[in-house]
Q: 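Shown below is the structure under consideration.
In what follows, chains are A, B, ... by sequence order, proteins preceding strands, each numbered from 1.
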Number of protein chains: 2
Amino acid sequence: MPREKKYNEEEVIEKAMALFWKNGYRNTSLRMLSKEMGINQFSINASFGNKQKLFLESLKLYRSKLQKLINALKNASNGIESIKDFFYQFAEFANQNNSKNGCLMVNTMSEFGLDVDKKVGIIISNYEEQLRTLFKHNLELNSIKDNQTIERHTNYLVLALSGLALATKIQNEITINDYIETTFQHF
Amino acid sequence: MPREKKYNEEEVIEKAMALFWKNGYRNTSLRMLSKEMGINQFSINASFGNKQKLFLESLKLYRSKLQKLINALKNASNGIESIKDFFYQFAEFANQNNSKNGCLMVNTMSEFGLDVDKKVGIIISNYEEQLRTLFKHNLELNSIKDNQTIERHTNYLVLALSGLALATKIQNEITINDYIETTFQHF
DNA sequence: TACAAAACTAATCAAATGATTAGAAACAAA
DNA sequence: TTTGTTTCTAATCATTTGATTAGTTTTGTA
């Protein structure tokens, strides 16, 4: 066993994710990544292949962070109130340290639309599907709505969440809170 | 008076706008613009100065197109129903010819966040302010809500509209309609 | 027809980008 | 110590980018 890597791949990918989150895919260059990650371009290639693959790993890491919020929703049983709590936690997550970075998933959707890379697209749709299932489940918990209404409300909540993510990039906290409160006043 | 321009500036800026709308600012190169507009890079510079200024003119043109929808809302007097009509027209506008391009304003907000060019930012905030005023006015028309509630609902509708713009880039028509219907069921 | 002013074409510039190369440095095993 | 494998550094590659240049063409006026 010869020379060991100076860096920890988990650690450097955390920095890559932060940069992609802040700037988007196309506006993050390998030189910026190299500087931020503290390793040179060759090492990025050696560890991750290329920029696209590095982004994919960054998105996976981001997803795993989001998963913690989602798990809280999974274990909740308060119906619509649990979903509302999730919205507030999500808003805080999307604007941690007043970063105004929004959500990396939603940012990526917005940057690429339907022309997104296939593997990236799968991660995003898996995430959306998981959200949809959890929202639906919680909507069924404490209501007597018919299936069609539940389906409609589920669709609504999924879009409302991505709208919230977008909003955190530019709006102030009051507007954000107004938005969440009004969203859940309907139920 | 010597040679006349071969092209009409109004016409070529329409094509530039379409390209920026589809691809965003950074992912639209001057060569793509040159090809689409049918004039070479030098002529783009001669007519508009540089890429940034061309984008600004494109955004102004986009804004003037949106203004037609807004004027319909201005002349309406049906309160919340008028706002709902506006949402449907906006959704159709953002997805005309099944383009999935969303809204150029919202796309720009998402691409640049708060780091947006100053002049571009002014156009966007003017637009948002106009929306806010019209929403507020229509909310006051047919309701007995207190001022605080109207303010909150106004904030809600502004964010709901940008969320709708984002959604049209990726979601199908059913989900979009569910979203609009549920949004206005609250009132 | 000759001239002048503006618009045109095509080529080119410097800078930035993603990716790769050549060679030096590190280090466990023999 | 020597060897072989791997990581590291720094330089470089070909493209693409926004912008500009040099020189040609067009066209109204004198």
Q: Using whole Å, what does the distance between atom P of nucleotide C:dT17 and atom CZ of A:Phe55 come to?
A: 17 Å

Q: Quick test of your reading of the model: are B:Glu9 and B:Lys5 salt-bridged, counting only N-O distances below 4.0 Å?
A: yes

Q: Check the pair B:Asn27 / A:Arg26 against side chain to side chain contact (heavy atoms under 4.5 Å, CB included), numbers first and verdict last.
A: CA-CA 8 Å; B:Asn27 197 38; A:Arg26 282 193 262 253; 3.4 Å; yes

Q: Take atom CG of A:Leu30 and atom C1' of D:dA10, then tell me their distance rounded to the nearest Å.
A: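 About 16 Å, once rounded to whole Å.
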
Q: Figure out the NZ/P separation between A:Lys51 and D:dT16, and round it to whole Å.
A: 15 Å

Q: Rounded to the Å, how far apart are A:Ile44 CD1 and C:dG18 P?
A: 10 Å

Q: Should B:Leu166 and A:Phe112 be counted in the same cluster of Ile, Leu, Val, Met, Phe, Trp and Tyr side chains packed under 4.5 Å apart?
A: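 Different hydrophobic clusters.
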
Q: Under 4.0 Å between a side-chain N or O of A:Tyr7 and OP1 or OP2 of D:dT7?
A: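 For D:dT7, neither OP1 nor OP2 has a side-chain N or O of A:Tyr7 closer than 4.0 Å.
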
Q: Measure CZ/A:Arg26 against C1'/D:dG18 and give the value in whole Å, please.
A: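 In whole Å, D:dG18 C1' lies 17 Å from A:Arg26 CZ.
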
Q: Going by an N to O cut-off under 4.0 Å, is there a salt bridge joining B:Lys145 and B:Glu151?
A: no

Q: Test side chain to side chain contact (heavy atoms under 4.5 Å, CB included) on A:Leu131 and A:Leu157; report intermediate values, then the result.
A: CA-CA 9 Å; A:Leu131 272 187; A:Leu157 286 171; over 6 Å; no

Q: State which of C:dT9, C:dT17, C:dT21 makes the closest approach to the side chain of A:Phe42.
A: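 Of the candidates, C:dT21 comes closest.
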
Q: Once you apply a heavy-atom cut-off of 4.0 Å, does B:Thr28 come out as touching a base, just sugar-phosphate, or nothing?
A: sugar-phosphate

Q: Rounded to the Å, how far apart are A:Leu33 CG and C:dA16 C1'?
A: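 From A:Leu33 CG to C:dA16 C1': 14 Å.
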
Q: Tell me the interatomic distance from A:Asn27, atom CG, to C:dA16, atom C1', rounded to whole angstroms.
A: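 That distance rounds to 12 Å.
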
Q: Nearest heavy atom decides the nucleotide; on that basis, is A:Asn40 or B:Asn50 closer to the 5' end of DNA chain D?
A: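 The 5'-side residue here is A:Asn40.
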
Q: Judged by each residue's nearest nucleotide on DNA chain C, which is more toward the 5′ side, B:Ile39 or A:Asn45?
A: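 The residue whose closest nucleotide sits nearer the 5' end is B:Ile39.
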
Q: Choosing from C:dG18, C:dT9, D:dT9, which nucleotide comes nearest the side chain of A:Arg31?
A: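 The nucleotide sitting nearest to the side chain is C:dG18.
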
Q: Once you round it to whole Å, what is the distance between P of D:dT9 and CD of A:Gln41?
A: 13 Å

Q: Taking only N and O in the side chain of B:Ser43, is any of them less than 4.0 Å away from OP1 or OP2 of C:dC8?
A: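 The answer is yes; a side-chain N or O of B:Ser43 sits under 4.0 Å from OP1 or OP2.
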
